[in-house]
Amino acid sequence: MSEKNQEGKRTARERLAQERERQRSQDRRRRTMIVAAAVVCVLGLAAVIGVIAANTKSDGKKSTAGPLLAPTGTEGKDKLAIPVGAADAPSTLTVWEDFRCPACAAFENSFRSTVHELEGSGQIRVQYHLATLIDHNLGGSGSLHAANAAGCAQDAGKFPAYHDVLYTNQPKETDDAYGKNSKLIELAQKVPGLDTAAFRSCVEEGKHDSWVTKSNDAFQKGGFNGTPTIQLNGESVFPQKGSEQISPANLKKWVAEANKGKQPGAASPSKPGAATPGAPSSPPAGAPAEDGAPKHGRAPGTAPKKAPAGVHPSKAVPAHEAP
């Protein structure tokens, strides 16, 4: 074979090898593109599925928070206060409470007749604010559910009587009985005219749950030591005012001093001081709270104050620890 023929064959083989390499390169690029496209499709499908799943969850599951619906007749900032007493009363008693708090029950059961007397005579208007400290400290939902039920009672114009029934029938602090709506509805039967279909629906649906949560948030941000927190015209009077310990007699004296030279407000039409069916009469002033003081920590940087005999404030959870 001539040298010329050998050179021609070698050139042909090289061209064939080059062609095969080019083909393999094209095949590799094609496979890479197919895999990349497949990944994009999978990711896109996952995103679509995620959106569908999210929408399905949102549509299929009722939100536990719900819209913020304040009870009828509430007042003050963000409508977080439930008022009792004459609107034109010369003084305001602000009360922050938790329906599971035994110290709150001790205050209510010791000072109930005094507070109702001051309300009924137009000396004070009481603004009740509701908190849920015990739920957060001990677990459960009784503080929330009872506060919602109290809001439902306010809708029905029965808050003062139902408020008193909840405290005179308060379970032990560790018993989350108020976490059961059936118990709250059962207690409503002690208030004439409260146990209606509208009240039951309001309680069972948690109509005012978001409002209660907002009220508790306001309590946490307020820098209060604990529940109950009692203020007369913005000044703390629980467990003492200045160097004087709170007592029914002192509370009357402080109100009289604050109202000196002022006319009392119009008598409250709700007559909250009237006896509530099913609610026992108030025990003597200073009667000890059942089971003594709750064992809860104070907010950082606050020092405990001496409370009147048998009345111990439940300690507040620091704002950054609030639920």
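Here the side chains of Gln127 and Val95 are not in contact, with every heavy-atom distance at 4.5 Å or above. The closest side-chain heavy-atom distance from Leu130 to Phe219 is not below 4.5 Å. At a threshold of 4.5 Å between non-hydrogen side-chain atoms, the residues Ile246 and Gln240 do not count as touching. You'll find the side chain of Leu184 reaches within 4.5 Å of the side chain of His145, heavy atoms only. At least one side-chain heavy atom of Lys241 sits under 4.5 Å from a side-chain heavy atom of Glu235. Cys104 has its side chain within reach of Tyr167: a pair of non-hydrogen atoms, C-beta onward, lies under 4.5 Å apart. Side-chain contact between Gln263 and Pro90 is absent, with no heavy-atom pair separated by less than 4.5 Å. Between Trp254 and Glu244, the closest side-chain pair of non-hydrogen atoms falls below 4.5 Å.
The two residues Asn181 and Glu204 make their nearest non-hydrogen contact at ND2-CA, 3.7 Å. Counting all heavy atoms, side chain and backbone alike, Arg100 lies closest to Gly139 at NH1-O, 2.8 Å. Looking at every heavy atom in both residues, Leu133 comes nearest to Gln220 through CD2-NE2, 3.4 Å. For the pair Cys202 and Asn148, the tightest heavy-atom approach, listed with the atom from each and the gap, is O-ND2, 3.5 Å. Summarising the geometry of Pro248 relative to Ser110, their closest heavy-atom pair is CG-O, 4.1 Å, with the distance given to 0.1 Å. What you find for Ala89 and Gly122 is that their closest heavy atoms are CB-O, 3.6 Å.
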Verify side-chain contact (heavy atoms from CB on, under 4.5 Å) between Thr94 and Ile230, making sure each step is shown before the conclusion. CA-CA 6 Å; Thr94 303; Ile230 316 296; over 6 Å; no
Derivation and outcome, side-chain contact (heavy atoms from CB on, under 4.5 Å), residues Val84 and His116: CA-CA 9 Å; Val84 178; His116 286 338; 5.8 Å; no
Please walk me through it: do Lys252 and Glu257 pass salt bridge (charged side-chain N to carboxylate O under 4.0 Å, His left out)? CA-CA 9 Å; Lys252 288 183 178 181; Glu257 291 172 349; over 6 Å; no
As a quick check of understanding, evaluate side-chain contact (heavy atoms from CB on, under 4.5 Å) for Thr92 and Ile124, giving each step before the final call. CA-CA 5 Å; Thr92 299; Ile124 62 171; over 6 Å; no
Verify side-chain contact (heavy atoms from CB on, under 4.5 Å) between Gln231 and Val237, making sure each step is shown before the conclusion. CA-CA 5 Å; Gln231 297 173 318; Val237 296; 5.9 Å; no
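In this structure a side-chain-to-backbone donor-acceptor pair under 3.5 Å is missing from Glu205 to Lys207. At distances below 3.5 Å, at least one donor-acceptor pair connects side-chain atoms of Thr213 with backbone N or O atoms of Asp209. Distance alone, capped at 3.5 Å, places no donor-acceptor pair between the Lys79 side chain and the Pro71 backbone. Of the possible donor and acceptor atoms, none in the side chain of Asp176 sits under 3.5 Å from a partner among the backbone N and O of Gly140. Remark: side-chain polar atoms of Asp78 are not paired, donor with acceptor, to backbone N or O of Leu80 under 3.5 angstrom. With Ser121 contributing its side chain and Glu117 its backbone, the two residues share a donor-acceptor pair below 3.5 Å. Counting only distance, with no hydrogens or angles, the side chain of Asn169 and the backbone of Leu187 share no donor-acceptor pair below 3.5 Å. Formation of a donor-acceptor pair under 3.5 Å by the Ser247 side chain with backbone atoms of Asn250 is found in this model. Side-chain atoms of Thr196 come within 3.5 Å of backbone N or O of Phe199 as a donor-acceptor pair.
Lys180 meets the side-chain hydrogen bond (donor to acceptor under 3.5 Å, both in side chains) test with no other residue; sequence neighbours excluded. In this structure, the side-chain hydrogen bond (donor to acceptor under 3.5 Å, both in side chains) partners of Asn233, at least two apart in sequence or on a different chain, are Ser91.
Side-chain polar atoms of His163 and Glu97 form a donor-acceptor pair below 3.5 angstrom. Asn259 and Gln123 share a side-chain donor-acceptor pair at under 3.5 Å. For the residue pair Asn216 and His136, no side-chain donor N or O sits within less than 3.5 Å of a side-chain acceptor on the partner. With hydrogens and angles left out, the side-chain atoms of Asp98 and Ser143 include a donor and acceptor closer than 3.5 Å.
Note that the CG atom of Asn225 and the OG1 atom of Thr227 stand 11.0 Å from one another [nearest 0.5 Å]. In this structure, Asp155 CG and Thr72 OG1 are separated by 4.0 Å, a value rounded to the nearest 0.5 Å. Within the model, atoms CD1 of Ile134 and CG of Leu144 stand 13.5 Å from one another, a figure rounded to the nearest 0.5 Å. Rounding to the nearest 0.5 Å places CZ of Arg125 at 15.0 Å from CG of Leu118. Expressed to the nearest 0.5 Å, how far NZ of Lys190 lies from CG of Asp164 amounts to 13.0 Å.
The hydrophobic cluster containing Ile185 also contains Val212, counting ILVMFWY residues as joined when their side-chain heavy atoms lie under 4.5 angstrom apart, directly or transitively.
Phe159 has its ring centre less than 6.0 Å from the ring centre of Tyr128. Proximity of the aromatic rings of Tyr178 and Phe99 is defined here by a centroid distance below 6.0 angstrom, and this criterion is not met.
In this pair, His129 and Trp96 present their aromatic rings parallel. The plane angle is below 30°, not in the 30 to 60° band.
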